[in-house]
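Notes for the one structure printed next.
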Protein chains: 2
Amino acid sequence: MSMDDPLSLDRQLCFPLYAAARAMTQAYAPLLSRLGLTYPQYLVLLVLWETDGETVKGMGERLYLDSGTLTPLLKRMEAQGLVRRERSAEDARSVRIYLTSEGRALRRKATSIPEAMACKLGLTLQEATRLRRDIQRLFEVLSQSHVDSSK
Amino acid sequence: MSMDDPLSLDRQLCFPLYAAARAMTQAYAPLLSRLGLTYPQYLVLLVLWETDGETVKGMGERLYLDSGTLTPLLKRMEAQGLVRRERSAEDARSVRIYLTSEGRALRRKATSIPEAMACKLGLTLQEATRLRRDIQRLFEVLSQSHVDSSK
DNA sequence: CGCAATTCAATTGCGCGCAATTGATTCGGA
DNA sequence: TCCGAATCAATTGCGCGCAATTGAATTGCG
């Protein structure tokens, strides 16, 4: 049970990552609740504001989420009037997600969020950039490791 | 919609953190499923292996989780025979969590996990240490920001 | 063309996370 | 001592995440 025990909570890399990710979501919550959004819903909008008409599959590849998560989430956003879900004409297996005018309008209200968060974090631009790069690198290593390498 | 748009997904610090945390959980999953554990259950055991008889409140302060999360989680672990939940004698409001012999025995099987993860990550010790420190710092900033500072 | 394999989204089931509330217990000031 | 405030775990309700399955549509191989 010594402090340099590999099973000590304080020595884990995983735990700060886990805690920080949840704290990040909570830091966004008050900003997003004003727009009636949850954090994953905000991520969906970030994608659609860049690529309107994205498919569910494409959305999943961008956000690393599957249809089991996205389908009900998108249905809730559709019920809120933010998006429209439409079977693709070219390929009836896929479903495309389109912003409604309300969903597009929300973008203007969201423009203040990044700077509000930057302020909360109190990191310099280069600190934030370096940290993002480091975490991205960590993610890339991790996202390799849990794929079935056979076949 | 340019690449230096503050609302571009690629410019967010939050998203890699969110994705990396989930990828980390998934990287642990195959190692933990052999022990019949989920990732948060593993964290609970890390605490108990250090401090057997911890209260629910204390557990929550260590893991930054509340009773709404911990109570059902601990009940599942009790049903698995890993822990015992017991109203405290000194203060009947609180509940103490004790390892069963099975819960203690699981520690031996878990000793290989940290090195298995270190291998998966492929980071040097100092890279991992620095990243952990950076993320901890990020967490500390974040955990301040969402507390009600009034009163 | 014909049909098996593949690709999609949707569904099911379950375990978190967390806000909000409830109810029991303890604390602390008058 | 009494009683209101505070503390604690449990509960309720809801939105993720994700593994596994289902069913429809498409692809591609013979």
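Computed from a predicted structure; not experimentally measured.
- In the set dC16(C), dC8(D), dC18(C), dC16(C) carries the atom at the smallest distance from any side-chain atom of Q41(B).
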Subject >> Steps toward salt bridge (charged side-chain N to carboxylate O under 4.0 Å, His left out) verdict (D5(B), R107(A)) >> reply: CA-CA 12 Å; D5(B) 187 311; R107(A) 189 178 197 284; 2.6 Å; yes
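- Of the candidates dA6(D), dC8(C), dA25(D), dA25(D) carries the atom nearest the A92(A) side chain, counting heavy atoms from C-beta on.
- Protein atom CD of E54(B) is 12 Å distant from nucleotide atom P of dC8(D), rounded to whole Å.
- In this structure, L32(B) places its CG atom 11 Å from P of dC16(C), rounding to the nearest Å.
- If you check distances only, the side chain of S94(B) never reaches the base of dA9(D) with a donor-acceptor pair under 3.5 Å.
- In terms of phosphate contacts, R22(B) brings a side-chain nitrogen or oxygen within less than 4.0 Å of OP1 or OP2 of dC18(D).
- Counting only heavy atoms from C-beta outward, the side chains of W49(A) and L106(A) approach each other to under 4.5 Å.
- Taking the side chain of T69(B) as heavy atoms from C-beta on, and the options dT26(C), dG15(C), dC18(C), the nearest nucleotide is dC18(C).
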Subject >> Test log, rule side chain to side chain contact (heavy atoms under 4.5 Å, CB included), inputs R137(A) and L131(B) >> reply: CA-CA 11 Å; R137(A) 213 154 44 85; L131(B) 188 53; over 6 Å; no
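- Distance CG (L73(B)) to P (dA10(D)): 12 Å, rounded to an integer number of Å.
- Candidate nucleotides dC18(C), dA10(D), dC16(D) were compared by shortest atom distance to the side chain of L65(B), and dC18(C) ranks first.
- Taking every side-chain heavy atom of S67(A) into account, dA10(C) is the closest of dA25(D), dA10(C), dC18(C).
- Comparing dT27(D), dA9(D), dC16(D) against the side chain of R93(A) picks out dT27(D) as the nearest.
- Contact annotation: T38(A) side-chain N/O to dC16(D) OP1/OP2 distance is under 4.0 Å.
- In this structure, R85(A) reaches the dA10(C) phosphate: one of its side-chain N or O atoms is under 4.0 Å from OP1 or OP2.
- Taking the six-membered ring for Trp and thresholds of 30 and 60 degrees, Y42(A) and Y28(A) have ring planes inclined between 30 and 60 degrees apart.
- Across the interface with DNA chain D, nearest-nucleotide mapping of E61(B) and Y18(B) shows E61(B) to be the residue nearer the 5′ end.
- Rounded to an integer number of Å, the gap from D91(A) CG to dA9(C) P is 9 Å.
- Across the protein-nucleic acid pair, Q26(B) atom CD and dC16(D) atom C1' stand 14 Å apart, rounded to whole Å.
- Counting only heavy atoms from C-beta outward, the side chains of L17(B) and L17(A) approach each other to under 4.5 Å.
- Nucleotide dA5(D) forms a Watson-Crick or G-U wobble pair with dT26(C), both donor-acceptor distances falling under 3.5 Å.
- Heavy-atom nearest nucleotides on DNA chain C were determined for P40(B) and for G68(A), and the one closer to the 5' end corresponds to G68(A).
- Among the nucleotides dG17(C), dC18(D), dT11(C), the one closest to any side-chain atom of K75(A) is dT11(C).
- R76(B) and T38(B) share no donor-acceptor pair across their side chains, judged by distance under 3.5 Å alone.
- Note: CD (E86(B)) to P (dA10(D)) measures 13 Å, nearest angstrom.
- For the pair L37(A) CG and dG15(D) P, the computed distance is 13 Å after rounding to whole Å.
- Between the CZ atom of R76(B) and the P atom of dT11(D) there is a distance of 13 Å, rounded to whole Å.
- Across dT7(C), dC27(C), dC18(C), the shortest atom-to-atom separation from the side chain of D66(B) is found for dC18(C).
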